[in-house]
Amino acid sequence: MNHKKVFLFILPAIGAAILAVLSQLSFAFGTVPVTLQTFAIGLIATIFKPREAFLATVLYLLLGAIGLPVFAGGHGGLQALLGPTGGYLLASPIFALITSALTSKNSSFLTTLVANLLGDSVLFAGGVLGLHFLGGFEFTKAITIGVLPFILADLLKMLLVAFVSQPIFYGLKFHYYFRDKQKNG
């Protein structure tokens with residue numbers, strides 16, 4: 001097996017590790033605690049090809065599902081996926097897939113930002129559905145507590161993803177493994 005194929009098998013694990021680490025970093029944004037989990041998903045989705053971005057987020061969910069403390073706040077286990085906020089987690093592979101499919105290393109700042117905002121919107125939709133169906137909240141209450149407090153913070157995170165993704169592409173030693181849709185699909 002050549003080095004490129006080995007690297008493509010390892011890449012989802014690297015993405016899951018990045019996601020697990022950044023999910024633990026949190027800060028107060030006003031009165032709302034915010035993690036870098038959505039930033040990590042957006043960055044992975046922007047830099048990785050769709051298959052690898054999707055697999056990285058699925059692997060992250062599997063690691064958490066078996067009980068490893070990879071989710072925000074050091075949580076893990078099936079209860080995190082099946083609890084009221086599980087919709088956010090379960091929507092993350094869709095976020096990654098959509099954003100990755102809409103971006104490439106040649107994407108403009110605006111394209112990258114819009115793709116990440118679309119992916120993040122899917123994450124919010126999953127969160128609202130989880131809060132409604134798994135948490136028993138009315139839709140308006142689910143939106144009020146599950147979306148509104150996080151809009152500004154997530155907008156800033158997606159702006160940051162769009163800002164840092166191009167320098168990362170050019171700074172990667174093995175950049176030809178990443179997202180060259182024109183040559184490798």
Side-chain angles (χ1 to χ4, degrees), residues 5-29 32-103 115-139 141-143 145-147 149-151 153-154 157-158 160-161 177-179:
K5 287 188 180 190
V6 170
F7 190 73
L8 291 177
F9 281 118
I10 295 171
L11 203 52
I14 293 169
I18 290 168
L19 186 50
V21 169
L22 290 180
S23 292
Q24 303 313 309
L25 301 177
S26 66
F27 54 94
F29 192 78
V32 178
V34 175
T35 71
L36 293 181
Q37 186 173 37
T38 53
F39 171 79
I41 296 167
L43 189 61
I44 290 164
T46 300
I47 294 174
F48 290 8
K49 292 181 181 181
R51 177 184 169 271
E52 287 76 22
F54 180 80
L55 290 175
T57 53
V58 168
L59 179 58
Y60 168 73
L61 294 179
L62 290 173
L63 292 171
I66 63 170
L68 295 178
V70 296
F71 299 145
H75 295 288
L78 273 177
Q79 71 277 6
L81 294 173
L82 301 176
T85 59
Y88 296 102
L89 291 168
L90 295 172
S92 62
I94 301 166
F95 174 170
L97 194 59
I98 289 171
T99 300
S100 186
L102 295 174
T103 57
N116 274 280
L117 290 173
L118 284 171
D120 200 29
S121 298
V122 168
L123 196 77
F124 278 130
V128 168
L129 291 173
L131 289 168
H132 176 70
F133 291 112
L134 300 172
F137 293 96
E138 293 295 325
F139 275 116
K141 176 90 170 166
I143 292 168
I145 65 169
V147 176
F150 302 100
I151 289 176
D154 274 33
K157 288 187 269 183
M158 297 308 107
L160 186 59
V161 167
Y177 288 123
F178 297 90
R179 306 303 313 278

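The residues of the chain are indexed from 1 along the displayed sequence.
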If you compare all heavy atoms of [X] against all heavy atoms of [Y], which two are closest, and at what distance to 0.1 Å?
X: Ala65; Y: Leu81; answer: CB-CD1, 3.6 Å
X: Thr99; Y: Gly119; answer: OG1-CA, 3.6 Å
X: Ala91; Y: Gly126; answer: CB-CA, 4.0 Å
X: Ser100; Y: Pro50; answer: OG-N, 2.9 Å
X: Gly15; Y: Ile44; answer: O-CD1, 3.1 Å
X: Thr103; Y: Ala45; answer: OG1-O, 3.8 Å

Nearest 0.5 Å, what's the [atom1]-[atom2] distance between [X] and [Y]?
X: Ser121; Y: Phe124; atom1: OG; atom2: CZ; value: 7.5 Å
X: Leu129; Y: Leu90; atom1: CG; atom2: CG; value: 11.0 Å
X: Tyr60; Y: Ile41; atom1: OH; atom2: CD1; value: 7.0 Å
X: Asp120; Y: Asp154; atom1: CG; atom2: CG; value: 4.0 Å
X: Leu97; Y: Leu55; atom1: CG; atom2: CG; value: 9.5 Å
X: Phe48; Y: Ile14; atom1: CZ; atom2: CD1; value: 6.5 Å

Quiz item: In a check of side chain to side chain contact (heavy atoms under 4.5 Å, CB included) between Phe71 and each of Leu63, Thr85, Leu61, which one passes?
Solution: Leu61
Self-check item: With Phe39 via ring-ring contact (aromatic ring centres under 6.0 Å, His included) - residues at least two apart
Solution: none
Quiz item: Mind checking what makes ring-ring contact (aromatic ring centres under 6.0 Å, His included) contact with His132, not counting sequence neighbours?
Solution: Phe139
Quiz prompt | Donor-acceptor pair between Thr46 and Asn116 side chains, under 3.5 angstrom | solution = yes
Quiz item: Does some side-chain heavy atom of Phe137 sit less than 4.5 Å from a side-chain heavy atom of Val128?
Solution: no
Quiz prompt | Flag, side chain of Gln37 to backbone of Leu25, donor-acceptor distance under 3.5 Å | solution = no
Quiz item: Is a side-chain donor or acceptor of Lys157 paired with a backbone partner of Ala40 at a separation under 3.5 angstrom?
Solution: no
